[in-house]
Amino acid sequence: MSSVDRPKPRLGREFFARPTAGVAVELVGCTLWRYTAAGITAGRIVETEAYLDASDRASHAAWSKRGQDVMRRAPGTVYIYRCYGMHWMFNIVAHAPDTVGAVLIRAVEPVEGIDIMEGRRGLTEIRQLCSGPGKLCQAFDIDESLHKIDLVTSDTVWLTAGNRSEAPTLIAGKRIGITKSPELPLRFFAAGNRYVSAHRRGVPFTSEVIPSF
DNA sequence: GCTGTGATTTTCT
DNA sequence: GAAAATCACAGCT
């Protein structure tokens, strides 16, 4: 609501040029913006996952040539991945100098352009619009055409900071849908938020509250 | 509200 | 040839 009353400056290169897990934590609460011919859509990030270097067996940096290539590019670069042959995943390259890593955006809370999202998703249930990595890509019209785009300079997709006064309490847990390195607590989400994904599954909740911002 | 299952295709071993 | 960072829907409690 009030988060769009007074627009924040977009996140710059320096925001993404830090250790990957820290960027994943601080992205929760930020706003994702997307501009297309259909209009503006925006959503508040409520869930992220960090994927590290080759020592993290679930990271594409560990086994995918395509992932290795893009994840060592400039922080702030978009990494689009196709999952299970039919869903797009939206990632942001984020890492300290001379390392690799990326953050998967898993869920956002719809803020603006909800009617546009409903049309793209073929649904009107607001909780179903963006509560999952594949869902939000469909709602925001994110696909392979955004691969390797620079979030710092693009005028079709970008991010803005969250309001400090609305900073959510964060919980860390195990990442979802992976089989390698499943024990790492690299999933971060806003406590109690209804737009977080996978609220059905018995998500391993070995969680721990993390100070936000 | 919960659990199980099928769809679909690129990428890598 | 198999796995993969998922989703929607059917059917049951």
Side-chain angles (χ1 to χ4, degrees), chain A residues 16 20-21 23-25 27-28 32 43 45-73 77-95 100-110 117-148 151 157 170-190 192-207:
Chain A
F16 304 103
T20 309
V23 175
V25 166
L27 276 173
V28 178
L32 171 67
I45 297 173
V46 297
E47 179 180 0
T48 63
E49 282 179 358
Y51 287 88
L52 312 180
D53 58 24
S55 66
D56 171 8
R57 307 295 293 166
S59 172
H60 291 183
W63 55 269
S64 166
K65 199 171 179 181
R66 177 184 155 94
Q68 286 163 359
D69 170 59
V70 68
M71 285 170 72
R72 67 171 177 242
R73 284 174 179 257
T77 301
V78 171
Y79 170 29
I80 300 292
Y81 169 66
R82 188 179 202 142
C83 181
Y84 291 100
M86 58 185 117
H87 301 294
W88 299 108
M89 302 283 118
F90 178 67
N91 299 259
I92 302 167
V93 175
H95 54 74
V100 299
V103 176
L104 169 68
I105 306 301
R106 284 196 57 88
V108 307
E109 176 178 341
M117 297 184 194
E118 289 174 344
R120 289 175 180 153
R121 294 274 295 122
L123 296 167
T124 56
E125 246 181 301
I126 190 163
R127 276 175 65 192
Q128 296 301 324
L129 292 179
C130 304
S131 55
K135 297 178 187 178
L136 76 88
C137 282
Q138 188 179 21
F140 279 74
D141 193 26
I142 290 171
D143 61 24
E144 195 166 29
S145 67
L146 297 186
H147 187 54
K148 292 184 179 176
L151 277 176
V157 58
L170 293 197
I171 297 180
K174 297 176 180 177
R175 292 174 294 184
I176 293 178
I178 59 168
T179 56
K180 302 165 191 162
S181 298
E183 72 285 354
L184 300 176
L186 291 175
R187 172 180 179 238
F188 308 102
F189 58 97
N193 190 285
R194 294 181 73 69
Y195 299 92
V196 167
S197 74
H199 37 79
R200 315 189 308 178
R201 285 172 252 177
V203 181
F205 231 68
T206 28
S207 336

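Heavy atoms only: backbone and side chains are in, while hydrogens, waters and symmetry mates are out. Letters go in sequence order (proteins before strands), and every chain restarts at 1.
Residue Lys174(A) contributes atom NZ, which lies 17 Å from atom P of dA5(C) at whole-angstrom precision. Residue Arg121(A) contributes atom CZ, which lies 15 Å from atom P of dT6(C) at whole-angstrom precision. Following rounding to the nearest Å, Tyr84(A) (OH) and dC7(C) (P) show an atom-to-atom distance of 10 Å. Atom pair Ile92(A):CD1 and dA5(C):P shows a separation of 18 Å (rounding to whole Å applied). The CZ-P distance, from Arg82(A) to dA4(C), rounds to 18 Å in whole Å. One can place CZ of Arg66(A) at 9 Å from P of dC12(B), the figure rounded to the nearest angstrom. The interatomic distance linking Tyr79(A) (OH) with dT11(B) (P) rounds to 10 Å, in whole Å. In this structure, the CZ atom of Arg57(A) is 12 Å from the P atom of dA4(C), given to the nearest Å.
Proximity note for Met89(A) (side chain, C-beta onward) versus dA5(C), dT8(B), dC7(C): the nearest is dA5(C). Set against dC7(C), dA8(C), dA5(C), the side chain of His87(A) has dC7(C) as its closest nucleotide. The side chain of Pro133(A) lies closest to dT6(C), out of dA4(C), dT6(C), dA8(C).
Residue side chain His60(A) reaches the base of dA5(C) through a donor-acceptor N/O pair under 3.5 Å, judged by distance alone.
Between Lys174(A) and Arg187(A), the closest heavy-atom pair is O-CD, 3.4 Å.
Within 4.0 Å of Leu104(A), counting heavy atoms only, lies at least one base atom of the nucleic acid.
In this structure, Thr179(A) and Gln138(A) both approach DNA chain C, and ranking their closest nucleotides by distance from the 5' end singles out Thr179(A). Comparing Met86(A) and Glu144(A) against DNA chain B, the residue whose closest nucleotide sits nearer the 5' end is Met86(A).
Checking side-chain atoms of Arg57(A) against main-chain N and O of Trp63(A) turns up no donor-acceptor pair under 3.5 Å. Judged purely by atom type and a 3.5 angstrom limit, Glu109(A) has no side-chain atom pairing as donor or acceptor with the backbone of Val46(A).
Residue Arg187(A) has no polar side-chain atom (N or O) positioned under 4.0 Å from OP1 or OP2 of dA5(C).
Remark: the Arg121(A) side chain and the Gln138(A) side chain contain an N/O donor-acceptor pair separated by less than 3.5 Å.
In this structure dA5(C) sits in no base pair that meets the Watson-Crick or G-U test at under 3.5 Å.
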